Amino acid sequence: AQSVTQLGSHVSVSEGALVLLRCNYSSSVPPYLFWYVQYPNQGLQLLLKYTTGATLVKGINGFEAEFKKSETSFHLTKPSAHMSDAAEYFCAVNDNYGQNFVFGPGTRLSVLP
Amino acid sequence: DAGITQSPRHKVTETGTPVTLRCHQTENHRYMYWYRQDPGHGLRLIHYSYGVKDTDKGEVSDGYSVSRSKTEDFLLTLESATSSQTSVYFCAIRGDLSGANVLTFGAGSRLTVL
């Protein structure tokens, strides 16, 4: 069975500071990994995904994530936070074209001026 | 939300009444999903469909049923709504404009059961 944990339900950073949102997963097969962002009162939007190949993946809005198999992690980073990055972020895993996508509980990112 | 429409977007109902939420896609994707979103739980899968008349249960399927009589429509029914089913419901299709293995979500349906 797959599962996803996200350390920290709420993270606050100052504008211009590094953003680091943590995601760890468990999967019995090589996983596909995703980060989604949700702005208030909206649906989820794909930020980036890892399938195979390069372990450092770049997404929209300056975000990137690195797949580390040995650590079963897929942490999301952005070098410099903007006020517009304030949202909820969800990590998800899919077992390589399996039926289900399993989501973590989410991390709410606040960006302070 | 391109290609996915959820209706209604907001609904308030009373305990014990039936409720049907509709998800309509224009992308002709095979897989469709219903998730519910609750604080602290992320998104949890209710049911999914892998084709017309082909559906299966997710982790929180109790109290819910689904139907898919056409490729483009996936209906979620609460036969007798309870307060624990107050939630935001998201429909998703598997795929995007490039056909990739990702979920593309609708805008959500907020249901309040009084």
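Per chain, numbering begins at 1; letters A, B, ... match sequence-line order. Quantities reported herein were computed from a predicted structural model and do not represent experimental measurements.
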So which part of [X] gets closer than 4.5 Å to some heavy atom of chain A, the side chain, the backbone, both or neither?
X	result
B:Arg110	side chain
B:Gln37	side chain
B:Leu43	both

One option among A:Gln45, A:Arg108, A:Gln38 has the most heavy-atom pairs under 4.5 Å with chain B, and it is A:Gln38
In terms of heavy-atom pairs under 4.5 Å with chain B, the winner among A:Gly106, A:Gly104, A:Ala92 is A:Gly104
Any link between [X] and [Y] through a network of hydrophobic side chains (Ile, Leu, Val, Met, Phe, Trp, Tyr) touching at under 4.5 Å?
X	Y	result
A:Leu76	A:Met83	yes
B:Met32	B:Trp34	yes
B:Val102	A:Val4	no
A:Tyr32	A:Val102	no
B:Tyr33	A:Leu46	yes

Residue pair [X] / [Y]: nearest heavy atoms and the distance that separates them:
X	Y	value
B:Phe90	A:Gln42	CZ-O, 3.8 Å
B:Tyr35	A:Asn100	OH-OD1, 3.4 Å
A:Pro105	B:Gly40	CB-O, 3.6 Å

Original post:
Side chain of A:Tyr36, backbone of B:Leu103: donor and acceptor closer than 3.5 Å?
Top reply: yes
When the 4.5 angstrom heavy-atom criterion is applied to A:Phe34 and chain B, the contacting part is side chain
| message | Is it true that, when you exclude A:Leu20 itself, more than 12 heavy atoms of the residues, nucleotides or ligands shown sit nearer than 6.0 Å to its CG? | response | yes
**Request:** May I have the step-by-step check of side-chain contact (heavy atoms from CB on, under 4.5 Å) for A:Asn94 and B:Asn101, ending in yes or no?
**Result:** CA-CA 9 Å; A:Asn94 171 254; B:Asn101 182 37; 2.9 Å; yes
Interatomic distance, CZ@B:Arg9 vs CG@A:Asn41, rounded to 0.5 Å, equals 8.5 Å
